[in-house]
Chemist: 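Here it is, the structure in full.
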Amino acid sequence: MEKKLYIATAIPYVNGTPHIGNALDYLLGDIWTRYQKQNGHDVRFQVGTDEHGNKIAAKAAELGITPKAYTDSTYVNFENLMKKMMTSYTDFVRTTDDHHVASVQYIWETLKPYIYKGSYQGWYCVGHEAFFTDKEVQATNGICPDHQIPYQQVSEDNYFFKTSAFTDRIKLALTDGTMQILPEFRKLEFLDLIKDGLDDVSVSRPKKNLTWGIPVPGDPEQIMYVWLDALANYITVLGYPDRPEWKEYWPADVQVIGKDILRFHAGIWPAMLLGLGLELPKKLLVHGFVNIGGAKISKTVGNVIDPNVIIDTYGLDAFRYFFSRHIPTLDDGDFTWEKFENAYNNELGNDLGNLIQRVASMILKYQAGVIGETGQAEHDMTAYHAAMDGLEFNKAVDEVWNMVRSLNQYIDNVKPWEVAKGIGKDPEAEPHLAEILSHCAGALVQIGDLLIPFLPATATRIHEIFESGVIKLPEGVLFPKLYIHTPDPHAPKA
RNA sequence: CGCGGGGUGGAGCAGCCCGGUCAGCUCGUGUGGCUCAUAACCACAAGGUCGUAGGUUCAAAUCCUACCCCCGCAACCA
């Protein structure tokens with residue numbers, strides 16, 4: 001049985017609305033999925049939501065509804081964004097799904113040899129009835145800002161998962177490439193982080209401190225903490241352990257995560273898999289953060305950008321274009337409205353949109369729309385495919401734009417409009433012109449092919465215009481100019 | 001002496017591993033060309049002590065040493 005492809009994305013916590021980072025996960029997953037499907041592969045593409053935990057419970061209590069009712073109302077925000085982005089996912093997992101809950105309990109049972117009871121010690125606020133991290137305690141000088149009482153060192157009983165037992169095997173998998181982390185420097189960072197070994201993690205909380213979560217099998221006093229619950233989604237969604245089809249897809253070919261959660265996905269998650277006797281994911285695609293004008297996105301600063309607004313203003317393909325090309329796939333990137341609009345106007349409008357327009361219009365004008373023999377344009381696509389394989393999607397788009405640029409150059413060099421003037425005088429002119437224009441059309445079809453993973457709607461449109469042998473130019477141009485955040489160069493001077 | 005990344009024309013970057021053919025690309029600016037096209041496209045030009053100071057070498061953005069500056073991370077943060 002040939003293994004089918006599987007890509008998974010991190011599941012966001014649904015106590016907020018989707019942000020640009022979530023959108024980036026979906027976009028990268030979708031680009032990969034479309035690319036693989038285009039190459040004839042069967043791909044399963046998971047997305048989902050993480051719905052347990054105290055923050056959800058507190059929010060729900062505030063609203064006077066059950067936690068489940070609350071997440072029922074918020075997870076759709078994420079689902080809506082995915083749909084809006086034309087994310088071609090095949091599976092949507094919610095950690096509150098019955099099957100997930102049951103599977104996680106099975107996983108707990110199976111991992112029992114590596115689970116032991118211990119005591120967790122940390123800073124506790126009596127008012128919150130919850131633990132806080134060292135960082136939070138430090139930031140507040142040891143006093144809870146909400147209750148004006150000092151945090152106390154408190155210990156509580158809970159279960160620990162023995163990730164330490166798997167340190168060596170995980171290190172080996174990273175070193176020998178069984179589990180790749182891309183980019184490479186993230187792998188080095190992580191290896192450095194665990195050079196002294198992985199620490200065991202606390203995987204449950206007493207019921208009094210954590211109410212909303214999956215019960216620990218065989219211990220009614222304990223509720224599972226986020227780790228086993230959330231990370232397990234990548235296999236429970238495939239049907240693990242009861243639906244055998246999961247075996248056709250696991251191990252994941254790619255898992256898309258943000259740099260902030262690498263340590264969990266490169267540490268705890270592989271440890272879980274090894275404990276279950278399963279293979280490790282082949283690649284972890286670690287993307288960076290999107291900054292806004294060089295600054296970190298922060299709710300308190302209020303510089304949060306809603307992906308929905310971008311899509312509503314400029315269209316989905318413009319959104320997909322910017323975030324796949326101008327936010328480096330494997331590193332941090334920067335968003336500003338000005339950069340976005342410049343990319344939209346100059347690259348999508350002038351470079352690509354105008355190119356399509358000029359070629360289509362020449363064929364209409366000189367040949368009544370008949371394209372003729374589409375000479376197979378064979379541009380060297382090695383660099384494009386190498387970039388796709390290396391999960392450097394931004395470089396792949398760069399390659400496409402090199403093609404756009406050279407086609408524009410080609411047209412200026414051969415001057416079809418000059419050739420057209422020779423028709424009627426020079427017998428060679430007509431076939432020569434036909435040859436030139438069919439070459440252009442062929443090149444555009446190829447560009448359309450390469451854009452399928454990135455700009456699905458635009459790719460379809462290019463194919464519609466050029467593929468039938470007769471130009472079918474719809475009303476209106478592709479990517480009409482927009483001057484919302486940048487000055488309109490054609491505006492009359494004040 | 002915590003770990004990591006980085007400092008290249010106005011902006012953003014590539015090149016550095018494997019020293020010379022490297023000072024390159026995109027945007028921006030200027031000039032010109034063209035007219036098929038979304039006042040688009042194409043060509044050319046101006047602009048850089050390649051963070052600083054030493055060193056190695058016939059030769060350094062590229063290797064070595066020291067220093068300065070910027071940015072992440074520093075474990076329970078999805």
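Below, read A as the first sequence line, B as the second, and so on, with proteins coming before strands; counting in each chain starts at 1. Computed from a predicted model, the values in this text were never measured in an experiment.
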Chemist: Who are the ring pair (Phe, Tyr, Trp, His ring centres under 6.0 Å) partners of A/F160, not counting sequence neighbours?
Modeler: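 Listed in chain order: A/Y116.
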Chemist: How would you list, by chain and number, every residue that makes a side-chain hydrogen bond (donor to acceptor under 3.5 Å, both in side chains) with A/Q255, sequence neighbours excluded?
Modeler: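 Only A/W269 meet the side-chain hydrogen bond (donor to acceptor under 3.5 Å, both in side chains) criterion with A/Q255.
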Chemist: For A/D306, give me all partners under side-chain hydrogen bond (donor to acceptor under 3.5 Å, both in side chains), at least two apart in sequence or on another chain.
Modeler: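 A/D306 satisfies side-chain hydrogen bond (donor to acceptor under 3.5 Å, both in side chains) with A/N308 once adjacent residues are dropped.
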Chemist: Among B/C41, B/U38, B/C76, which nucleotide sits nearest the side chain of A/R358?
Modeler: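 Selected nucleotide: B/C41.
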Chemist: Applying a 3.5 angstrom cut-off to the pairing atoms, does RNA chain B sit in any stems of at least three consecutive Watson-Crick or G-U pairs? List them by first number.
Modeler: B:2-7 with B:68-73, B:10-13 with B:24-27, B:29-33 with B:41-45, B:51-55 with B:63-67
Chemist: With sequence neighbours excluded, tell me which residues meet side-chain hydrogen bond (donor to acceptor under 3.5 Å, both in side chains) with A/T49.
Modeler: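 In terms of side-chain hydrogen bond (donor to acceptor under 3.5 Å, both in side chains), with neighbours along the sequence ignored, A/T49 is linked to A/E51.
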Chemist: Which of these nucleotides, B/A78, B/C76, B/A37, is closest to any side-chain atom of A/L231?
Modeler: B/A78
Chemist: Does B/U35 have OP1 or OP2 sitting under 4.0 Å from an N or O in the side chain of A/K421?
Modeler: yes
Chemist: Show the distances under 3.5 angstrom between N or O atoms of the protein and N or O atoms of nucleotides 13-16 of chain B.
Modeler:
none

Chemist: B/A43 phosphate, OP1 or OP2: any side-chain N/O from A/Q409 under 4.0 angstrom?
Modeler: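 Indeed, a polar side-chain atom of A/Q409 lies that close.
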Chemist: Indicate, with yes or no, if the rings of A/Y114 and A/F166 have centres closer together than 6.0 Å.
Modeler: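 Centroid separation for A/Y114 and A/F166: below 6.0 Å.
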Chemist: Kindly state each residue pair satisfying salt bridge (charged side-chain N to carboxylate O under 4.0 Å, His left out) with at least one member in residues 114-124 of chain A, sequence neighbours excluded.
Modeler: A/K117-A/D219
Chemist: When the side chains of residues 225-234 of chain A are checked against the rest of the protein, which donor-acceptor pairs come out under 3.5 Å, sequence neighbours left out?
Modeler:
| residue | atom | partner | partner atom | Å |
| --- | --- | --- | --- | --- |
| A/D229 | OD1 | A/H100 | NE2 | 2.9 |
| A/D229 | OD2 | A/H52 | ND1 | 2.6 |
| A/N233 | OD1 | A/Q46 | NE2 | 2.5 |
| A/N233 | ND2 | A/A230 | O | 2.7 |
| A/Y234 | OH | A/H265 | NE2 | 2.6 |

Chemist: With sequence neighbours excluded, tell me which residues meet side-chain hydrogen bond (donor to acceptor under 3.5 Å, both in side chains) with A/K339.
Modeler: A/D334
Chemist: Among residues 259-268 of chain A, which ones have heavy-atom contacts with RNA chain B below 4.0 Å?
Modeler: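 A/K259, A/I261, A/R263, A/F264, A/H265 - these, ordered by number, are the residues of the stretch whose heavy atoms sit under 4.0 Å from the strand.
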Chemist: Using a 4.0 Å heavy-atom cut-off to protein, can you give one letter per nucleotide of nucleotides 26-33 of chain B, 5' to 3': B if the base is in contact, S if only the sugar-phosphate is, - if neither?
Modeler: SSS----B
Chemist: In whole angstrom, give the distance that lies between atom CG of A/L348 and atom P of B/C41.
Modeler: 13 Å
Chemist: Check the interface with nucleotides 1-7 of chain B: list each N/O to N/O pair with the protein under 3.5 Å, or write none.
Modeler:
| residue | atom | partner | partner atom | Å |
| --- | --- | --- | --- | --- |
| B/C3 | O2' | A/D192 | OD2 | 2.9 |
| B/G4 | O2' | A/E189 | OE2 | 3.3 |

